[in-house]
Each structure stands twice: as structure tokens, then as C-alpha cells.
Amino acid sequence: MRTLSRRLNQLKGQLQIQEDKDSCPPLKPPRHGRVLGRKLKAGHELHFLCDPGYQLTGSESRTCMNNQTWSGQPAICSELMSVANTTSTTLRPAECSTFQGIQHCACDPGYVIQSGGLCQDIDECDLYQGKAGSKICVHECVNTLGSYNCVCPRGYLLDAHPNSCKDIDECVSNRSACTGGEQCVNLYGGFTCVRPECPKPKMNVTYVKISGHQCERTPCPLGSSSCMDAPHSISFHYIPLQSQLPVPRVLFTMTAPRSQGDSQRFTLTRGKAHRGLEVRQAGRHRGELLLTKSVSGPAEIQVDVEMAEMSPQGILGRHVFTVTLFVSQFTF
């Protein structure tokens with residue numbers, strides 16, 4: 001038994017060494033920040049975010065290389081300087097020179113000349129951010145001495161070149177975001193976990209789940225009109241949206257690749273009270289769900305769209321698309 005125990009310990013050690021050879025060393029989250037992602041294998045990425053009031057220096061994303069090292073530079077979260085707390089340092093001496101008895105003074109970029117040969121910091125956020133036509137940051141602007149910084153809300157990464165905020169796909173960066181058979185749906189500024197369920201048996205109507213997002217009706221008992229009138233299939237669809245999108249906009253397209261009828265008829269059967277959504281016929285076998293009125297978030301809207309397969313004799317079958325819209329509170 002002692003020999004077997006020693007052999008098992010040797011095998012565990014060898015497996016650990018092999019695993020270490022194929023992985024990069026773990027990276028700790030920066031102080032006043034956090035790290036997204038857990039995979040340490042070659043080709044996987046980690047993303048770094050700072051808490052509000054802190055600015056990221058270094059690399060926002062780092063990739064595990066084939067040589068078991070990380071690309072980029074270490075991420076550091078530095079506190080953003082508040083102008084309200086540094087009033088005495090918003091003034092600095094100008095660079096002055098005298099030519100032919102005349103003094104000329106100049107300031108560094110981000111400063112404006114004041115009397116007495118002093119340079120005053122320009123508050124770009126106060127000057128531009130409050131006006132819709134001249135905003136310099138899509139979300140929040142923090143003034144710094146001689147410059148400014150754009151800050152994104154949680155769930156976004158800052159793209160410094162256009163000063164925009166890029167959504168983080170948590171479903172990709174964190175594979176274990178949802179557990180227990182749930183499906184991860186990436187949203188603008190976050191994510192949610194969903195578990196589509198088939199309707200419970202009722203009036204001789206029973207559904208079985210054939211995929212993660214679709215249920216089909218089982219064969220009907222002979223002579224059961226309630227079962228024959230029930231939808232043949234129900235599918236579930238999840239759509240993330242930004243707030244205040246321009247309209248009209250096609251949100252979802254429905255088709256019938258294996259249609260039994262001559263044409264399809266599309267109608268809203270649930271969610272009719274929402275005036276900003278409409279269904280239109282886009283062809284004999286295609287329908288579209290339209291957003292006709294801008295929606296402000298955060299909001300969750302669910303509608304059912306029925307597709308009826310038509311023939312000269314009447315309706316051959318019905319299919320229901322359950323569409324859930326997740327509207328973000330942000331416009332980006």
C-alpha cells in the first residue's frame with residue numbers, strides 16, 4: 001500500500017508539471033480593479049477593469065502565449081486626480097522668454113495663459129461634456145491636470161482612440177458565468193442567465209425540448225381538437241438592445257425553410273400592448289419583428305409572434321417565436 005501511495009503521488013506530480021507546462025502563471029487582479037476570465041491555456045485572454053475613480057495603465061487585455069508567458073504589460077489602477085481637491089495645483093508657471101524687450105509666455109497643452117505669467121488648467125469636461133454636440137466622452141468625463149480621462153461603466157472597456165466604451169462579452173470571457181444548464185445571454189453592460197422551459201402538459205397537449213431553445217409538440221391523440229389547434233413548435237430568442245435606438249429597425253426575422261403551406265401569416269399574439277413593436281410580412285415565407293418607437297432602458301420586453309402556415313383550405317399549422325428584448329440603460 002505504501003508503494004502504491006508513493007506511485008500515485010508521483011503521477012499527481014507529473015500531471016501537475018505537465019499542466020503547468022501548458023499554462024501561463026495566474027495573474028492577480030490589480031488593486032482597485034478586477035480581472036475577467038479564468039482560462040490560463042495558450043490562446044486565452046484575460047481582461048482587466050478598474051473601479052470607478054481609477055484609471056487603467058498597462059494592458060487592458062493580455063493573451064497567454066505559446067511560451068507560457070503573458071502578452072502586454074501588467075495592469076495598474078491609479079486614482080484619478082480630482083480638480084476640486086487640487087485647486088492649488090491647477091496653476092503653474094508659464095514658460096516665458098524675452099525678445100527685443102518684449103516678454104512672451106506660453107503654456108503646455110491643456111492650460112490657458114493667465115495674468116502674472118501663470119497657466120490655468122482647462123476643465124475640458126466642464127467645457128465640452130455638458131453639450132450634446134460637443135461631448136468628448138460617451139459616458140463619464142473626469143478632468144485631470146492638463147487633460148481629461150473618459151470612464152466607462154461596469155461591463156465596458158474603454159476604447160481610448162475614439163473615447164468610446166466597448167461592451168465586454170462576459171459569456172465569452174467567463175465561460176462559467178452561468179451554470180446548471182442555463183444559457184448565457186450577453187447584454188450591453190452585463191449578462192443574464194436564462195433557462196427556456198417548454199409549456200406544461202395541458203388538454204392533451206405535450207411538448208418536448210429538442211434543443212436548448214426549441215420545443216416541439218408530441219403527436220396528438222386521435223380526435224383531440226385542442227391538441228391540433230396548439231402550436232407545432234415554440235422557440236425562444238433573446239435580443240440585447242441599446243437604449244434609444246434609431247427607428248424603424250428590424251429586430252428579428254422569421255422564416256419557414258420546411259413550409260407545408262403556400263404562404264405564412266405573422267401576427268403578434270402576446271405583447272400587443274407595447275406600441276413600439278410591430279410585425280410585417282416581408283415575403284411569402286418571411287416575417288419581420290420591427291421596433292417602431294425608441295425604447296429607454298433598463299427594460300425587459302417579451303412578445304410572442306405566431307407564424308401560421310396557410311393553404312387554400314385554411315391553417316395547416318402554427319409556430320410561436322417567443323422573443324425577449326433586454327434594453328440597456330446605456331445608449332452605447
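Residues take their numbers from the sequence shown, with the count starting at 1.
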Quick one: do Cys64 and Cys24 satisfy disulfide bond (SG atoms under 2.5 Å apart)? Show the steps, please. CA-CA 6 Å; Cys64 180; Cys24 288; 2.1 Å; yes
Run the disulfide bond (SG atoms under 2.5 Å apart) check on Cys119 and Cys107 step by step: do they pass? CA-CA 6 Å; Cys119 294; Cys107 297; 2.0 Å; yes
Taking [atom1] in [X] as the centre, count heavy atoms belonging to other residues, nucleotides or ligands within less than 6.0 Å. Is the count above 12?
| X | atom1 | value |
| --- | --- | --- |
| Arg31 | CZ | no |
| Gln114 | CD | yes |
| Lys39 | NZ | no |
| Arg154 | CZ | no |
| Lys166 | NZ | no |

How about [X] and [Y]: do any of their side-chain heavy atoms sit closer than 4.5 Å?
| X | Y | value |
| --- | --- | --- |
| Glu60 | Phe48 | no |
| Phe330 | Tyr188 | no |
| Ser243 | Gln329 | no |
| Pro231 | His319 | no |
| Glu124 | Ile122 | yes |
| Arg270 | Thr322 | yes |
| Lys202 | Lys200 | no |
| Arg92 | Asp108 | yes |

State whether the side chain of [X] and the backbone N or O of [Y] hold a donor-acceptor pair below 3.5 Å, judged by distance alone.
| X | Y | answer |
| --- | --- | --- |
| Ser294 | Leu245 | yes |
| Thr218 | Thr206 | yes |
| Arg62 | Ala75 | no |
| Ser71 | Thr63 | yes |
| Tyr207 | Ile234 | no |
| Ser226 | Met203 | yes |
| Gln68 | Asn66 | yes |

If I compare all heavy atoms of [X] with all of [Y], which pair ends up nearest, and what's the gap?
| X | Y | value |
| --- | --- | --- |
| His47 | Ser173 | CD2-CB, 3.8 Å |
| Arg286 | Phe266 | C-CE1, 3.3 Å |
| Ala177 | Phe191 | CB-CE1, 3.7 Å |
| His232 | Leu316 | CE1-O, 3.8 Å |
| Gln264 | Glu309 | NE2-CG, 3.7 Å |
| Phe321 | Phe252 | CD2-CE2, 3.9 Å |

Following the transitive rule for hydrophobic clusters with a side-chain heavy-atom cut-off under 4.5 Å over Ile, Leu, Val, Met, Phe, Trp and Tyr, establish whether [X] and [Y] coincide in one cluster.
| X | Y | answer |
| --- | --- | --- |
| Val305 | Leu290 | no |
| Leu289 | Val185 | no |
| Met254 | Ile239 | yes |
| Leu27 | Leu40 | yes |
| Phe326 | Ile301 | no |

State the [atom1]-[atom2] distance between [X] and [Y], to the nearest 0.5 angstrom.
| X | Y | atom1 | atom2 | result |
| --- | --- | --- | --- | --- |
| Met307 | Thr255 | CE | OG1 | 7.5 Å |
| Leu118 | Ile113 | CG | CD1 | 7.5 Å |
| Leu187 | Cys171 | CG | SG | 7.5 Å |
| Leu222 | Cys227 | CG | SG | 11.0 Å |
| His44 | Trp70 | NE2 | CH2 | 9.0 Å |
| Asp51 | His32 | CG | NE2 | 8.0 Å |

Set out, in order, the CA-CA distance, both residues' side-chain angles and the distance that settles side-chain hydrogen bond (donor to acceptor under 3.5 Å, both in side chains) for Gln73 and Ser59, then state yes or no. CA-CA 5 Å; Gln73 302 297 322; Ser59 300; over 6 Å; no
Looking only at the side chains, is there a donor atom on one of Glu216 and Ser233 sitting less than 3.5 Å from an acceptor on the other?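 Result is no, nothing qualifies.
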Stepwise, does the ring-ring contact (aromatic ring centres under 6.0 Å, His included) test hold for Tyr148 with Tyr128? CA-CA 11 Å; Tyr148 66 94; Tyr128 300 110; 8.3 Å; no
Show your reasoning for whether disulfide bond (SG atoms under 2.5 Å apart) applies to Cys165 and Cys150. CA-CA 9 Å; Cys165 295; Cys150 294; over 6 Å; no
Which residue in the set Thr292, Val295, Val323, Leu251 passes side-chain contact (heavy atoms from CB on, under 4.5 Å) when paired with Leu277?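 The side-chain contact (heavy atoms from CB on, under 4.5 Å) with Leu277 is passed solely by Leu251 among Thr292, Val295, Val323, Leu251.
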Run the numbers on Leu36 and Ile168 for side-chain contact (heavy atoms from CB on, under 4.5 Å), then give the verdict. CA-CA 9 Å; Leu36 298 177; Ile168 298 170; 3.6 Å; yes
Take Gln129 and Asn143 through the side-chain contact (heavy atoms from CB on, under 4.5 Å) test and state the conclusion after the steps. CA-CA 10 Å; Gln129 188 67 9; Asn143 188 60; over 6 Å; no
Can you check disulfide bond (SG atoms under 2.5 Å apart) on Cys193 and Cys184, steps first, answer last? CA-CA 5 Å; Cys193 300; Cys184 183; 5.5 Å; no
For Thr324 and Gln302, run side-chain hydrogen bond (donor to acceptor under 3.5 Å, both in side chains): C-alpha distance rounded to whole Å, both residues' side-chain angles, the deciding distance at 0.1 Å, then the answer. CA-CA 4 Å; Thr324 304; Gln302 191 173 86; 2.9 Å; yes
Any chance you could lay out the side-chain contact (heavy atoms from CB on, under 4.5 Å) test for Val279 and Val303, step after step, and finish with the verdict? CA-CA 11 Å; Val279 172; Val303 297; over 6 Å; no
Stepwise ring-ring contact (aromatic ring centres under 6.0 Å, His included) check, His104 with Phe99: CA-CA 8 Å; His104 299 271; Phe99 180 72; 7.2 Å; no
